[in-house]
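Heads up, the thing below is written out as structure tokens.
Only heavy atoms go into these numbers, but all of them, side chains included; no hydrogens, no water, no symmetry mates.
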Amino acid sequence: MMVMMGVPCLESGKFWNSEIAKAAATCELEESRRKTPDSRWMLSTKRTQLNSRAGLKVKCEVNKGQREQVAEHSLPHSTGRSLDVIPNKINSQEVGFSHKSSQEVPLEAGLSLFGELDHIEQLWLQFFVNPLDWWDNRPNKANQLNGAASQEIRHFPDFKHKITREVLWEDSRLNPPWVKAKLANVTGCRQQAGKEIMLEKLWRKFFSNPSQWWDHRFDKANVRYPDFKHKESQESLWIDGRLTPKWVEAELAALSPGTLQRSVFSWNIKLSKFVKNRQYTQALGLYQRMQTEGVLPDKLTFVRVLNACAGAADLLEGRHVHARANQSNYQEHMIVGNCLIDMYGKCGSIEDACRVFDSMQTHDTVSWSVLIRAYMRCGHGEKGLILFQQMQRENFEPDIVTFVSILNACANIEALEEGRNIHCQVIQKGYEADFFVVNCLLDMYAKSGSIEDACKVFNSMSVQNEVAWSSMIGGYLKCGQGQKALELFGVMQQEGVEPDSVTFIVVLNACASVAALEEGRRVHAEVVQRGWESEIVVDNCLIDMYVKCGSIEDACKVFNAMSRHTVISWNAMIGGYAKCGRGTSALDLFRRMQLEQARPDNVTFVAALNSCASMLSLEEGRHIHNSIMQTEYRTNLVVQNSLIDMYSKCGNMIEACRVFNSMAVHDAVCWSALIGGYVKSGEGMNALEAFRQMELECIEPDMVTFVGVLNACACIAALEEGKRVHAKAEKALELFQQMQQNQVEADSVTFVGVLTACSSLAALDEGRCVHEQAIACGCDSDIFVANCLIDMYAKCGSIEEASNVFNGMQGRDVISWNTMIMAYAMHGLGEAALQLFAHGDVMMDKGTFVCLLTALSHAGLVDEGEYYFESICAIYCISIAVEHCSCMIDLLGRAGRLDEAENLINKMPCQPTLSVWTALLSACRVHDNLEIGERAAKQLLNLHPDNTSGYVMLSNMYAAAGKWDSKGEVEHLRTNRQAFKSQARTWIDANN
């Protein structure tokens with residue numbers, strides 16, 4: 001081969017290789033100085049001309065967009081021969097081809113390399129035309145670069161055509177400079193297009209079988225949570241996603257109801273919300289829907305549903321949930337078992353709670369605590385204490401919840417000593433500073449009657465909140481110190497402590513206990529100011545307070561303003577009407593309650609029956625009796641006693657005996673009601689026979705029983721029987737004296753019983769001693785004790801002492817006013833009774849007017865009596881009862897206005913009773929009116945053929961008129977009917 005002088009031979013490729021590499025490196029260096037930070041420049045070596053004089057010129061084209069730059073570099077001098085200079089040693093990575101080792105490329109291979117460089121640019125153009133035709137290997141390379149073979153992975157192509165298998169590298173130095181900028185945009189579009197395709201496929205998968213996806217649309221915790229989630233693969237979909245296909249919304253709307261299912265997690269979220277907001281009925285309804293849609297509940301589902309059953313006290317539904325938990329094998333979970341115990345306890349089924357507890361394989365402290373609380377709720381505080389001791393024997397440490405439960409149990413059964421022992425354990429465990437425990441300690445001492453211990457706990461508290469103040473106020477109320485409770489409420493307000501609903505409930509009860517009407521109205525105003533008037537419990541207490549304070553109009557206003565009434569609301573209002581002598585209003589309200597589909601309970605029936613008894617409304621009473629027989633209250637002891645009382649007062653002893661004989665258990669109340677009915681009907685022998693039967697059944701008679709039996713003895717002149725009953729009454733005083741000797745502390749109930757015995761025995765000195773004991777014990781401020789003191793002093797002949805007790809009372813109820821008015825009536829002080837009635841603060845009911853008319857009758861104040869008799873219904877809106885008519889007839893009879901008295905009997909709204917005809921007959925005997933007397937005697941003897949007084953008075957009237965034949969007929973009739981009366985006797989107390 002020919003070689004020119006001074007020029008390297010062509011075959012000597014080593015020379016040219018080194019020179020071209022130098023030129024390329026110099027050109028690349030210069031271009032890198034001028035390029036921008038975001039662009040990469042590629043050196044493309046093409047044809048150059050060699051010139052021997054000017055040296056070798058290498059033309060470097062640097063492309064950026066449509067701009068071209070040329071760099072010239074001088075090479076060593078050579079001949080003037082022009083030739084193509086092609087490097088024969090170029091790294092394959094720089095031109096984007098498959099990797100090979102860094103071997104020298106033969107010159108013949110280099111001749112075709114420049115054509116391939118143009119081909120790279122064409123490949124990139126083809127790539128950008130349709131990027132979806134190329135595989136993107138960059139994510140896989142990025143994931144594997146941290147491995148041991150990272151260098152080999154780096155040489156793996158970034159893009160590979162799906163069909164032709166051609167390859168491209170993103171970071172090659174020989175790529176066109178415009179690739180990177182355009183690749184960034186195209187890659188985002190390509191990724192977005194890939195996501196759209198993926199979402200399209202996923203939505204197609206969703207609509208192919210929607211039942212395999214959970215629907216979370218209605219209970220998403222936040223917007224990031226998916227709307228739909230696959231049950232197995234956990235794939236997620238969002239309706240409002242940016243790449244969601246437009247046709248999805250229409251397809252969703254076309255799905256039939258019930259196609260999609262919500263996950264158990266979604267159901268549990270909604271159940272939790274209902275339970276948290278105390279919407280127990282909605283929670284149970286949601287659980288029913290959950291079962292209907294075939295969603296399997298989990299452990300949390302059973303916990304929430306059992307909480308809802310407990311809150312709604314739905315025992316039947318709770319048992320169904322229990323059965324389902326057994327089927328799902330969730331009862332073995334301790335948390336489910338504890339919730340079952342709690343549910344049964346709150347639903348009142350302590351037997352079921354014990355069965356669940358015994359069936360549990362393991363117990364924890366919570367298990368013991370909820371069972372103790374269940375016993376406490378069901379009124380078995382003693383068993384709760386036994387369980388607490390067993391828990392400690394089995395080495396379970398009580399926690400705060402346990403102490404709270406057991407202290408509440410002690411409070412309910414007033415177990416003071418046990419409570420003190422638990423207090424010591426609280427101190428040992430270090431819980432004496434706990435907020436809940438210390439409040440329970442305070443409540444336990446207050447309800448157990450130890451106000452001193454309660455004060456110590458209260459004063460030791462670092463923070464005295466409204467709960468502590470409410471417990472202290474309730475403690476004073478429990479001890480019969482209602483006025484002190486109201487004073488403490490004033491101190492609480494001065495301390496700046498905000499009362500809550502419980503505080504207002506306790507304070508309203510304190511107002512009711514001392515009949516503090518004005519204070520109650522001030523508390524009512526504060527209730528409204530603080531926004532508690534919407535609380536049903538507070539409204540019920542307001543009604544009760546106004547009723548006990550004698551303001552039935554205010555009670556009615558509160559009742560009518562309530563948006564919703566509970567059975568307690570109805571009971572308070574019906575009982576208030578009955579107590580105030582407005583029996584008609586009470587029965588009207590009872591009918592309204594039934595029309596509004598409100599379900600009456602035993603208290604409702606008792607109040608309605610009392611109204612019937614006061615009005616002598618036998619037919620209405622029978623209707624209520626029929627309603628009772630359709631409920632579970634037909635065997636309720638209190639309801640049965642009220643039925644006996646109603647039938648007895650209405651004069652139907654046959655029905656009264658039928659109810660009595662149907663009772664499974666008899667107590668002193670039902671016997672007293674039956675005996676009183678016999679006495680009222682003039683059947684004294686039957687009354688004594690009932691009393692003997694009561695003794696055979698070993699039932700201790702109460703004071704009401706003694707009064708009834710003594711009246712029966714007086715009715716039939718049974719002296720020996722009266723002495724025996726008198727001895728029993730004296731035994732009550734002996735028992736009280738024995739209590740004092742044994743240093744047993746008496747309470748208000750004891751004093752009420754003993755004072756009643758003193759009243760029946762007219763034992764003034766003993767009554768005074770009892771009064772002194774009541775003052776020493778602090779029970780004289782109890783309103784019930786004070787009322788008994790007034791009655792005792794009045795019946796023992798000391799009207800001055802009775803008046804002193806009345807004037808010294810801090811609070812009075814309607815019984816206080818009635819007792820004092822009747823005391824004046826017994827002593828013939830009609831003017832004093834009238835002045836007391838005219839007092840502005842007097843509270844009145846049906847009995848108030850009976851007492852007032854009796855006082856006016858004994859004082860002979862006829863005009864005043866007529867005025868107040870007419871105002872009973874017209875002004876005071878109280879139904880006129882037979883007792884009012886009897887008093888008015890006695891008043892007119894004493895004044896000699898017998899025609900008016902007879903007309904009043906004919907116009908009575910109820911059937912005349914024995915007392916009515918007896919009063920008229922007695923007045924006719926006094927005023928020698930034989931004509932009216934004969935009619936009255938005929939009615940009296942038709943009602944009670946064995947009534948001795950009727951025969952005696954009529955016989956005396958015939959004798960006074962000289963009608964001896966008629967007198968003989970009366971005596972003959974009396975003999976045939978065996979209506980004889982033993983000689984009356986009396987006794988006095990002399991030298992004990």
Side-chain angles (χ1 to χ4, degrees), residues 214 219 221 229 231-232 234 261-280 282-378 384 387-388 390-391 394-402 404-405:
W214 293 121
D219 42 48
K229 201 169 187 179
K231 296 179 180 180
E232 296 179 359
Q234 302 298 307
Q261 286 185 335
R262 284 183 288 175
S263 67
V264 67
F265 175 74
S266 306
W267 292 90
N268 290 343
I269 290 176
K270 202 158 190 178
L271 281 172
S272 300
K273 289 180 180 178
F274 281 136
V275 174
K276 183 178 180 180
N277 296 328
R278 298 184 179 182
Q279 297 173 307
Y280 305 120
Q282 292 88 332
L284 294 177
L286 188 66
Y287 174 68
Q288 296 294 340
R289 279 184 52 200
M290 184 177 178
Q291 290 182 302
T292 304
E293 296 185 15
V295 180
L296 294 177
D298 62 1
K299 177 176 64 177
L300 184 59
T301 309
F302 285 116
V303 169
R304 293 292 178 258
V305 176
L306 288 170
N307 289 340
C309 294
D314 193 339
L315 180 60
L316 183 60
E317 185 64 27
R319 284 175 174 157
H320 290 161
V321 177
H322 185 183
R324 183 68 186 275
N326 281 340
Q327 294 173 2
S328 304
N329 295 324
Y330 278 113
Q331 186 186 351
E332 299 177 359
H333 290 265
M334 188 175 296
I335 185 173
V336 176
N338 293 340
C339 288
L340 281 168
I341 298 171
D342 184 62
M343 181 274 294
Y344 281 126
K346 290 180 179 178
C347 292
S349 181
I350 190 64
E351 296 82 7
D352 288 321
C354 290
R355 274 194 289 270
V356 173
F357 182 84
D358 294 336
S359 67
M360 295 174 65
Q361 296 178 354
T362 57
H363 302 122
D364 60 359
T365 303
V366 178
S367 310
W368 290 93
S369 300
V370 293
L371 187 59
I372 292 171
R373 185 167 56 188
Y375 274 116
M376 181 268 297
R377 288 179 180 274
C378 296
L387 194 67
F388 178 70
Q390 181 183 349
M391 170 187 176
E394 296 188 13
N395 297 322
F396 282 94
E397 289 293 329
D399 58 6
I400 292 175
V401 178
T402 315
V404 168
S405 301

At what distance, to the nearest 0.5 angstrom, does [atom1] of [X] lie from [atom2] of [Y]?
X      : Y      : atom1 : atom2 : value
Asp298 : His333 : CG    : NE2   : 9.5 Å
Gln327 : Arg324 : CD    : CZ    : 6.5 Å
Asp364 : Asn338 : CG    : CG    : 5.0 Å
Arg377 : Ile372 : CZ    : CD1   : 13.5 Å
Lys299 : Met334 : NZ    : CE    : 11.0 Å
His320 : Gln288 : NE2   : CD    : 9.0 Å

So, for [X] and [Y], which heavy atoms are closest and what is the spacing to 0.1 Å?
X      : Y      : answer
Ser405 : Ser369 : OG-O, 3.8 Å
Ser349 : Cys378 : N-SG, 4.4 Å
Gly345 : Ala353 : N-CB, 4.3 Å
Ala283 : Ala308 : CB-CB, 3.8 Å
Tyr375 : Cys354 : OH-SG, 3.0 Å

Above 12 or not: heavy atoms from other molecules or residues under 6.0 Å from CD of Glu394?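 Atom CD in Glu394 is packed in, count exceeds 12.
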For atom CG of Leu300, is the number of surrounding heavy atoms from other residues, nucleotides or ligands below 6.0 Å larger than 12?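 Buried by this count: over 12 neighbours within 6.0 Å.
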Could you tell me whether the side chain of [Y] reaches within less than 4.5 Å of the side chain of [X], counting heavy atoms only?
X      : Y      : answer
Asp342 : Lys346 : yes
Met290 : Pro297 : yes
Arg373 : Val404 : no
Asp314 : Tyr280 : no
Arg304 : Phe274 : no

Flag the pair Tyr344 / His322 as yes when their ring centroid distance falls below 6.0 Å, and as no otherwise.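 Yes, ring centres under 6.0 Å apart.
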Quick check on side-chain contact (heavy atoms from CB on, under 4.5 Å): which of Leu306, Asp352, Val366, Val356 does Ile341 satisfy it with?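 So, applying the side-chain contact (heavy atoms from CB on, under 4.5 Å) to Ile341 and each of Leu306, Asp352, Val366, Val356, only Val356 qualifies.
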Main chain of Gln279, side chain of Asn277: is a donor-acceptor contact present, judged purely on distance under 3.5 Å?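 Checking the backbone N and O of Gln279 against the side chain of Asn277, no donor-acceptor pair under 3.5 Å is found.
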Between His363 and Trp368, what is the ring plane arrangement, given parallel below 30°, perpendicular above 60°, and tilted in between?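 His363 vs Trp368 ring planes: perpendicular.
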Please name all residues satisfying ring-ring contact (aromatic ring centres under 6.0 Å, His included) with Phe388, sequence neighbours left out, ordered by chain then number.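 With sequence neighbours excluded, Phe388 shows a ring-ring contact (aromatic ring centres under 6.0 Å, His included) to no residue whatsoever.
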Taking NZ, NE, NH1 and NH2 as the nitrogens, is one of them in Asp358 or Arg355 under 4.0 Å from a carboxylate oxygen of the other?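 Not counted as a salt bridge, because no side-chain N and carboxylate O are separated by less than 4.0 Å.
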Walk me through whether Val321 and Tyr287 qualify under side chain to side chain contact (heavy atoms under 4.5 Å, CB included). CA-CA 10 Å; Val321 177; Tyr287 174 68; 3.9 Å; yes
